[in-house]
Amino acid sequence: MTESPSIFTRIVDREIPADIVFESDDVIAFRDIAPKAPVHILVVPKTAEYANVTELAAGDPALLATIVSVAQNLADEYAGGEYRLIFNTGQAAGQTVFHVHAHVLGGGLEEGTLAQ
Ligand code: AMP
């Protein structure tokens with residue numbers, strides 16, 4: 001049985017629309033459809049091979065480093081350079097899409113809070 005493509009693969013393939021703010025050979029970034037902060041961008045590797053950040057770190061650490069670098073560049077452009085980087089890992093932690101992605105949150109976040 002072949003698994004159906006993730007919603008993020010469908011965005012990469014332009015099957016569904018998204019507000020794309022960055023794209024390279026390896027990575028795509030677009031605004032979260034349900035933003036939890038004034039700036040809320042998802043940075044997603046185009047490959048669907050890794051379900052979460054632990055798998056990505058083990059399987060392709062350079063790609064994880066690329067995601068962090070893209071996150072910084074987007075924060076520089078849209079959030080004054082400072083940001084919160086979240087990788088929800090597992091259903092109980094709030095992960096709903098099992099195609100690894102980083103949430104880049106910025107713009108007027110409260111101090112000392114971890115929740116989105
Ligand atoms: P997570 O809960 O960490 O798996 O994050 C999945 C995120 O994807 C959520 O914040 C959703 O709001 C976001 N999301 C789901 N569908 C779309 C979409 N079509 N375009 C943009 N963001 C989406």
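Since the model is a prediction, treat every value here as computed from it, not as a measurement. Atoms within each ligand, like the ligands themselves, are counted from 1 in listed order.
Using a 3.5 Å distance cut-off with no hydrogens or angles, the side chains of Ser69 and Thr66 do not pair a donor with an acceptor. For Gln72 and Asp76, the side-chain atoms include at least one donor-acceptor pair closer than 3.5 Å.
In terms of polar-atom proximity, Asp32 is counted as a contact of ligand 1, with an N or O under 3.5 Å from an N or O of the ligand. The shortest N or O to N or O distance between Leu42 and ligand 1 is not under 3.5 Å.
Atoms of ligand 1 found under 4.0 Å from any heavy atom of Asn88, numbered from 1 in the order shown, are 1 (P), 2 (O), 3 (O). With ligand atoms numbered from 1 in the order given, ligand 1 contributes 12 (O) to contacts under 4.0 Å with heavy atoms of Ala34. Atoms of ligand 1 lying under 4.0 Å from any heavy atom of Gly94, numbered from 1 in the order shown and given with element: 1 (P), 2 (O). Taking every heavy atom of Arg31 and a limit of under 4.0 angstrom, the matching atoms of ligand 1 come to 21 (C). Counting the atoms of ligand 1 from 1 in the order shown, those under 4.0 Å from a heavy atom of His101 are 1 (P), 3 (O), 4 (O), 5 (O), 6 (C).
Using a distance-only test at 3.5 Å, with no hydrogens or angles considered, no donor-acceptor pair links the side chain of His99 to the main chain of Asn52.
Here the closest heavy-atom approach between residue Leu74 and residue Ala29 is recorded as CD1-CB, 3.6 Å.
The aromatic rings of Phe8 and His101 stand perpendicular to each other, their planes meeting at an angle above 60°, with 30° marking the opposite boundary.
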TODO: Would you please test Phe22 and Val43 for side chain to side chain contact (heavy atoms under 4.5 Å, CB included) and show each step?
DONE: CA-CA 9 Å; Phe22 175 80; Val43 184; over 6 Å; no

Open item on the list: Checking Ile20 against Ile28 for the side chain to side chain contact (heavy atoms under 4.5 Å, CB included) test, could you report, in this order, the C-alpha distance in whole Å, the side-chain angles of both residues, the deciding distance, and whether it holds?
Closed with: CA-CA 7 Å; Ile20 296 167; Ile28 192 164; 3.8 Å; yes

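Neither the backbone nor the side chain of Phe98 comes within contact range of ligand 1; no heavy atom lies under 4.0 Å. Under 4.0 Å from ligand 1, not a single heavy atom of Phe87 appears. At a 4.0 Å heavy-atom cut-off, ligand 1 does not touch Ile86 at all.
Taking 4.0 Å as the cut-off, Ala18 does not count as a neighbour of ligand 1 on heavy-atom distance. In this structure, Lys36 falls outside the shell of residues with a heavy atom less than 4.0 angstrom from ligand 1.
Counting non-hydrogen atoms of neighbouring residues, nucleotides and ligands closer than 6.0 angstrom, the CD atom of Gln91 reaches no more than 12 such neighbours. Counting non-hydrogen atoms of other residues, nucleotides and ligands closer than 6.0 Å to CD of Glu23 gives a total above 12.
For atom 21 (C) of ligand 1, the nearest non-hydrogen atom from the set Val100, Thr96, Ile33 comes from Ile33. With atom 3 (O) of ligand 1 as the reference point, the heavy atom nearest to it among His103, Gln95, Gln91 is part of His103.
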